[in-house]
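Notes for the one structure printed next.
Computation of the quantities below employed the complete heavy-atom set of this structure, encompassing side-chain atoms and omitting hydrogens, waters and symmetry-equivalent molecules. In the text below, chain A, chain B and the rest are named by the order of the sequence lines, each starting its count at 1.
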Amino acid sequence: MAEPGKKGPVYVTTPIYYVNDKPHIGHAYCTILTDTYRRFHRLFGYDTYFLTGVDEHGQKVQDAAKKRGITPQAHCDEMQAHFRNLWPTLHVEPDDFIRTTQPRHEMVVQKALQQLYDKGDIYSDEYEGWYSPWVEKFFTEDELVDGKCPETGKEVYKLKERNYFFRMSRYEEALRQHIMEHPDFLVPEYRKNEVLGFLKKGLRDLCISRPKSRLSWGVTLPFDQDYVTYVWFDALLNYVSAIGLYTDDERFRYWWSGVHHFIGKDILTTHSVYWTTMLLALGLPLPRHIIATGWWLTDDTKMSKSLGNVVNPLDLKEKYGADALRYFLMRAMVIGQDANFSELQMAERYNGDLANDFGNLLSRATKLINKQFGPVIPTPGEYTDDDRALIDAAKALPGLVQDAVASYRIDVAIEEVLKFVRSANKYFNDQEPWAVVKTDKQRAATIGYVALQAAQIAAMLMHPIMPQKTRDMLESLSSKPADTIDAIKWGMLEPGKPFEVLGSLFPRIDLKKLKAQIEKQNEKPKPAQTRPEITIDDFAKLDIRTGKVLSAEPVKGSNKLIRMQIDLGPFGKRQIVGGLGLQYEAQDLVGKTVIVLANLKPRKLFGLESQGMLLAAGEGKVIALLEPDKPVSPGSGIS
RNA sequence: GCCGGGGUAGCCCAGCUGGUCAGAGCGAACGGCUCAUACCCGUUAGGUCGAGGGUUCGAGUCCCUCCCCCGGCACCA
């Protein structure tokens, strides 16, 4: 199955994105990363396969379609284009784009379910919970707000529902062992502890069905026509349905043996626990690698104030080009860690790395040679020691890039290429071919050749990052991207062939203008929105009174709860538990007159009943209790 | 509160298993060059390597305590 001469399979996947989502920088980053990783491995001689796609089942899709008055399928057919059409514009080239509504996928989901059912890993059981008919969802006791539906505030009903469950608990130990024995299973490695911690709490069996009376948009269970498969169980199987599980065993085994799942850190548990136990249950090998990426933070306040990141990063591809966006995303983020996105930082890298160094090397060399010798790649003469120093660096470069990529350090790989480019610029500078040419044409030709050859090598190694721009560069040198890294050799650039002098590949951005623009944007802060309007009658429902704190003590086991006895005068004494511990010392609260929402339904916190709520201003770190500005008796009403 | 990651030059970050580890890039200043996209090249940063202890002949690099940021869990809304 492997193509002759290839090193073996590297099968890369992105998550399948929820079809209702609007594509954002997170989707783009993960997909570009996967594409880049794949392109590098193809260059390194691996047989590669790249899958992405969309997740199309579930409640939200059904709801959205209903709202629009069209079938869920029609809705999906339309929405999936948002993702499918985005990828080419980012120079992402997947081999396959899977949709979970495709028959090839639904067939696999059903077969897998049947297999697990036959094996006894799926069983039926009754589930009891609070059901909200308004949103057609179940909630646990904890999720209820004042005993009402947390989304609508309306009544909920205790309801029993029969459902099917996956015996995940059975595979807990096997999974733990696999994680311990395969240190490179989770990337970065420190994620391992997170997953082991999750396992430590013990795995519970998972509900994997929904009755069609509630949700009909899904894959019907093969052993019970009245139910559909719950979305996550359905969706995860895309990784195996796309490569021929149950239909083409040879193909499936081949690609599956080299699978790399690229995911965001938010779905690490889904992949490292749910998905892996599913695979264990199905008797399939676990993925070779699960790579959890970090987030691009775009609303970090410090960042937005000083550096400006008001723009949608995806829009920047119009301004800077898709390749430049790819470059920045790959260069600026260390896989697994969060990074801040700002246009200014991107522009600085763009100018510094791409325009001034990478693009300029080719530009200065071609223009000089063209002027002196015409648009023909010159023939080098004897190499000097200076030449050889650069040549040695060029020879070492492919190995450095390969090592960096192998350890998921694409940022480092890029930096290695750039270091080389900088040294080539320095070489050109030091050799002064524009002066040498006046006395020694042959020497000038050699310098020109060395510079061009360096540019060609850099372009080839940068091709996985910037496919289009590097192709343009290489084609201008009568060349093309290398098929394998072994082909990237000093001397491959053919003297005598024509070259073309390109215009600026990466036109510089005017940073002064950009900074001014950002400053302007930051000047006009958007007014905050208040909550939806209410009537006086709504307000009248609240019984708010003053109260005096009689006693206060921290709640054991909690880091911020404080238990207080509060005197409400004619309304008696109350116990109220509040989350003030990070702002107030318990003893400082005693004696304070506070404002209490007195008719709030009691609620249990840490096993203690809280009969009301203290009103406080602020949120998060700054919380200030409200106090009347002159003494009033406990129990006074507030209006 | 528990677990993990991080706190290194104005900015972004390298520094693995202790001894050229006190660094690169950007920005800034000065100088050089003019082939090139006001570009490139050179010199210049004296930074208590978050704080305080400790181990050691010697510690960003190991140990302890503490502070701050991020993430996971718990919890809160």
* Asked: Relative to the 5' end of RNA chain B, which residue comes earlier, A:Gly359 or A:Glu415, by the nucleotide with the nearest heavy atom?
  -> A:Glu415
* Integer-rounded Å distance: B:G72 C1' and A:Phe198 CZ -> 11 Å
* Asked: When you compare B:G4 with B:C39, how far apart are their C1' atoms, in angstrom units rounded to a whole number?
  -> 45 Å
* Using a strict cut-off of less than 4.0 Å between a Lys/Arg side-chain nitrogen and an Asp/Glu carboxylate oxygen, indicate whether A:Arg508 and A:Asp510 qualify as a salt bridge. => no
* Asked: For the pair made of CG in A:Leu614 and C1' in B:A77, what is the distance, rounded to whole Å?
  -> 14 Å
* Is the cationic atom of A:Lys469 (NZ for Lys, CZ for Arg) positioned less than 6.0 Å from the six-membered ring centroid of A:Phe358 and within 45 degrees of its normal? -> no
* Structure fact -> If pairing means Watson-Crick or G-U wobble with both distances under 3.5 Å, then the partner of B:U55 is none
* Distance in angstrom units between A:Asn425 CG and B:G42 P, rounded -> 10 Å
* To do: Provide the Watson-Crick or G-U wobble partner of B:U17, both distances under 3.5 Å; none if there is no partner.
  => none
* To do: Indicate, with a heavy-atom threshold strictly under 4.0 Å, whether A:Phe506 touches base, sugar-phosphate, or nothing.
  => base
* **Gap between atoms CD and C1', on A:Gln345 and B:G25 respectively (whole Å)** => 13 Å
* Asked: Given atom CD1 of A:Ile414 and atom P of B:A14, what is their separation to the nearest angstrom?
  -> 14 Å
* **Rounded distance in Å - CG (A:Asn351) to P (B:C12)** => 19 Å
* To do: Quick one: classify the glycosidic conformation of B:G71 as syn or anti, with syn meaning within 90° of 0.
  => anti
* Is the NZ or CZ atom of A:Lys192 both under 6.0 Å from the centre of the six-membered ring of A:Phe185 and within 45° of that ring's axis? -> no
* In whole angstrom, what separates A:Lys265's NZ from B:G72's P? -> 6 Å
Taking only distance into account, with no hydrogens and no angle test, what donor-acceptor pairs under 3.5 Å do side-chain atoms of residues 417-425 of chain A form with protein atoms, sequence neighbours excluded?
| residue | atom | partner | partner atom | Å |
| --- | --- | --- | --- | --- |
| A:Arg422 | NE | A:Asp357 | OD2 | 3.4 |
| A:Arg422 | NH1 | A:Glu415 | OE2 | 3.2 |
| A:Ser423 | OG | A:Phe420 | O | 2.7 |
| A:Asn425 | OD1 | A:Arg364 | NH1 | 3.0 |
| A:Asn425 | ND2 | A:Asp357 | O | 3.3 |

* Could you measure between the two P atoms, the one in B:C70 and the one in B:U61, and give it in whole Å? => 24 Å
* To do: Report yes or no: does A:Arg326 contribute a side-chain atom to a donor-acceptor pair with the main-chain N or O of A:Leu33 at less than 3.5 Å?
  => no
* **Rounded distance in Å between the C1' positions of B:G31 and B:G71** => 47 Å
* Quote, to the nearest angstrom, the C1' distance that separates B:A74 from B:C3. => 11 Å
* Asked: Does a side-chain N-to-carboxylate-O contact under 4.0 Å join A:Lys319 and A:Glu343?
  -> yes
* Asked: Counting only side-chain N and O atoms of A:Lys426, is one of them less than 4.0 Å from OP1 or OP2 of B:G42?
  -> yes
* **Interatomic distance at P, B:C11 relative to B:U17, whole Å** => 26 Å
Between N or O atoms, less than 3.5 Å apart, protein on one side and nucleotides 26-35 of chain B on the other: list the pairs.
| residue | atom | partner | partner atom | Å |
| --- | --- | --- | --- | --- |
| B:C35 | O2' | A:Arg364 | O | 3.1 |
| B:C35 | O2 | A:Arg364 | NE | 3.0 |
| B:C35 | N3 | A:Arg364 | NE | 3.4 |
| B:C35 | N3 | A:Arg364 | NH2 | 2.6 |
| B:C35 | N4 | A:Arg364 | NH2 | 3.1 |
| B:C35 | N4 | A:Asn429 | OD1 | 3.4 |

* Asked: Using atom P of each nucleotide, how far apart are B:G52 and B:A9 to the nearest Å?
  -> 16 Å
* Asked: Does B:C26 have a Watson-Crick or wobble mate here (both distances under 3.5 Å), and if so which one?
  -> B:G10
* Asked: A:Ala332 or A:Tyr427: which one's nearest nucleotide on RNA chain B is closer to the 5' end?
  -> A:Ala332
* Using atom CD1 of A:Ile562 as one end and atom P of B:C75 as the other, report the distance to the nearest whole Å. => 19 Å
* Structure fact -> Checking N1-N3 plus N6-O4 or O6-N4 for Watson-Crick, or N1-O2 and O6-N3 for wobble, each under 3.5 Å, the partner of B:C39 is none
* Less than 4.0 Å between a side-chain N and a carboxylate O, is that true for A:Asp392 and A:Arg388? -> no
* Asked: For B:C2, which nucleotide is its Watson-Crick or G-U wobble mate, given both distances must be under 3.5 Å?
  -> B:G72
* To do: Scan A:Gly197 against the nucleic acid and name what it touches under 4.0 Å (heavy atoms): base, sugar-phosphate only, or nothing.
  => nothing
* To do: Could you give the distance separating B:G18 and B:U55 at their C1' atoms, to the nearest angstrom?
  => 12 Å
* **Nearest-angstrom distance, C1' atom, B:C62 to B:C21** => 16 Å
* For A:Leu505, report the nucleic acid contact type (base, sugar-phosphate, nothing); a contact means any heavy atom under 4.0 Å. => base
* To do: Anything under 30° is parallel, anything over 60° is perpendicular, the rest tilted; go ahead and classify A:Tyr408 against A:Tyr37.
  => parallel
* Would you call the rings of A:Trp434 and A:Phe428 parallel, tilted or perpendicular if under 30° counts as parallel and over 60° as perpendicular? -> tilted
